[in-house]
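Before any comments, here is the structure.
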Amino acid sequence: MIRFDGVTKRFEDGTVAVDDLSFEAPAGKITVLVGPSGCGKTTSLRMINRMIEPSEGSILIDGTDTGSLAPAELRRGIGYVIQHAGLFPHRTVLSNVMTVPSLLKWDKKRARDRALEVLELVGLGGDYAKRYPGQLSGGQQQRVGVARALAGDPSVMLMDEPFSAIDPVVREGLQDEFLKLQEALGTTIVMVTHDIDEAIKLGDRIAVLRQGGRLAQFSSPDDLLAHPADDFVASFVGRDRGYRALSFKTAEVPIHHEAPVRLGDRLGPGEEWRLVVDDAGAPLGWVHADEVTGPLSATDLQLGGTLATLGGSLRGYLDAALSSPSGRGVVVEGAELAGTVRPDEVLHVIQAAPRATGETILSPEEPA
Amino acid sequence: MISLVGEWLTDPANWSGARGIWAQLVTHLQLSFLALFLAALIAVPLGLYIGHTGRGRVVVVNLAGGFRAVPSLGVLFIAVLLLLPRLSGEAAFVVPSVIVLVVLAIPPVLSGVYAGVQQVDPAARDAARGMGMTGGQVLTQVEIPCALPLIFSGLRSAMLQIIATATIAAVVGLGGLGRFLIDGQATRDYAEMAGGALLVAGLALTVDFVFGLAQRLVVSPGLARAE
């Protein structure tokens, strides 16, 4: 658990970057600091490991005042991941990851074994260890950055915009992996981002900061979407928040049986849209009878529909239903086809689902 | 003319003896390495300090620029005039020569070291500190290793200038390859002069080649690839 207790940062020129900040980042959870540029989110993060010293107030990690430890010693116990990874170009991936264990004076073999273990954990097993950072893609470098932060087995990890320098496709995959990893390790994480979508996807708790370094709201992501504290938070959270709030709602949706076909099959007359699966039963894509002659081949497939996970969020169901060329949203269990959902039925479930009950606060662009 | 130079260079009599080519080569190298060593002793710590702390950058840039404009021969004569009454024997001429070469070598070494440390990726430096390295550890484990390519290029360019300029030690009567230039001119032996000049150039290239090999051994392959 990390506690901010009336923390203020005033720079020498008099500007106040962080103003009387108090909140508690719960143990084993991800707390995201989010806000527009100049809101002091990075300053707040960097005060935790004393890369920046607070002017007033105190920060406690598991009850210990960070001010009572020597900065270098404090930092060795805290994982640190930054935007551009900041790998050491002259060291191999393995030696980069061994940095903190070496600083902690672990013996060579233990440090090495641990480094290989965490590299495996972030999906860079095998001969990646021997490479140099210059030989890796941006996404791989950031994985090494995460591995390096994990190597010292810290109970707390700080991440400053860890995914923002990575291209969007890779970013999403990395975020998913990161969530799984965090769940498995139970590390207490404080993360900074300017991207509210990322905050909502990754955060268990979200602290929205406003210009001048003041806390605008501290709550769970679904609460933030349902009950923004004021106009600033409402406009920052954005226009799609009604849709995004569906990410946190689950409900029973009618699943229809879908009789799939396989590549090589022929479609009968009058069959419109049919779903093609592979031999393992995983959906491949849709085909339309009017556009196919002869046995089905991979080039006939119409892709583009998203897949919903059985028992997943209503957002997943709705998105699958809306994005499917056939109008039938594909639902999978694991990788295997479980059935399809219809958009009207998903909407019906959403309508019937319990509403957010708190007082309704309107943002300026949505007059009552 | 070319054949005369060839004859001079290939005549074994010119190579041997206390004033032969081998002897002068050794003297030249001794003087050069001594000068480079002393210049590095001053410029490397200063460059590291400035690069690491970011303090005194303006001083370096101006100092380095100013030093480059100093005429070597002028410094040599002034130094000899000033030191002659205070030193005895050969030292009265060796010390001024070394001073000239050190003054010449400091700017390239200083700017190489300073620029090398300064160009280290700020993210790498931030990460190093954030993981709990002390200032000294950041310097020795991250900044210096990353700065080595530029440190080497500073040392190499300093050494090229030293070897070329060390010829002027002969003006005040010292040994070294400059002897062949000065003596050749005095006796109007142009083959000797040209031969001496070729030897200086050859020595400079050879030493630079050796430094290049050392650089490949010392600098991390991770840095070479990034270039």
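Note that the structure is a prediction, hence the values are computed from the model and not measured. Every heavy atom of this structure was used, including side-chain atoms; hydrogens, water molecules and symmetry mates were not. In what follows, chains are A, B, ... by sequence order, proteins preceding strands, each numbered from 1.
Of all heavy-atom pairs spanning B:Gly130 and A:Arg75, the tightest one is O-CB, 3.4 Å. For the residue pair A:Pro89 and B:Ser220, the shortest heavy atom distance occurs at O-OG, 4.5 Å.
Evaluation of the side-chain hydrogen bond (donor to acceptor under 3.5 Å, both in side chains) test over residues 56-69 of chain A, restricted to residues two or more places apart or in two chains, returns A:Arg10-A:Glu56.
With a 4.5 Å cut-off on non-hydrogen atoms, B:Gln137 touches chain A through its side chain but not through its backbone. Residue contact with chain B, scored on non-hydrogen atoms closer than 4.5 Å, involves the side chain of A:Arg46 exclusively. Only the backbone of A:Leu87 comes within contact range of chain B, with at least one heavy atom under 4.5 Å from a heavy atom of that chain.
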Check the pair A:His90 / B:Val120 against side-chain contact (heavy atoms from CB on, under 4.5 Å), numbers first and verdict last. CA-CA 11 Å; A:His90 63 293; B:Val120 174; over 6 Å; no

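Taking chain A as the reference chain and counting heavy-atom pairs below 4.5 Å, the highest number among B:Ala128, B:Ala124, B:Ala127 is found for B:Ala124. Of the residues considered (A:Met51, A:Arg148, A:Arg50), A:Met51 shows the highest number of contacts with chain B, using heavy-atom pairs under 4.5 Å.
Taking CG of B:Leu223 as the start and CZ of A:Arg91 as the end, the distance is 11.5 Å to the nearest 0.5 Å. Between the CD atom in A:Gln83 and the CG atom in B:Asp126 there is a gap of 11.0 Å [rounded to 0.5 Å]. A:Phe88 CZ to B:Glu143 CD: the interatomic distance, rounded to the nearest 0.5 Å, is 10.5 Å.
Residues A:Thr99 and B:Met133 are in side-chain contact: their nearest non-hydrogen atoms beyond the backbone lie under 4.5 Å apart. A:Arg76 is not listed as a side-chain neighbour of B:Met131, based on a closest heavy-atom distance of 4.5 Å or more.
For A:Arg131, the CZ atom sits in a packed shell: over 12 heavy atoms of surrounding residues, nucleotides or ligands are nearer than 6.0 Å. No more than 12 heavy atoms of other residues, nucleotides or ligands shown are found within 6.0 angstrom of CH2 on B:Trp22.
Every residue meeting the side chain to side chain contact (heavy atoms under 4.5 Å, CB included) condition with B:Leu46, not counting sequence neighbours, appears here in chain and number order: B:Ile50, B:Leu110.
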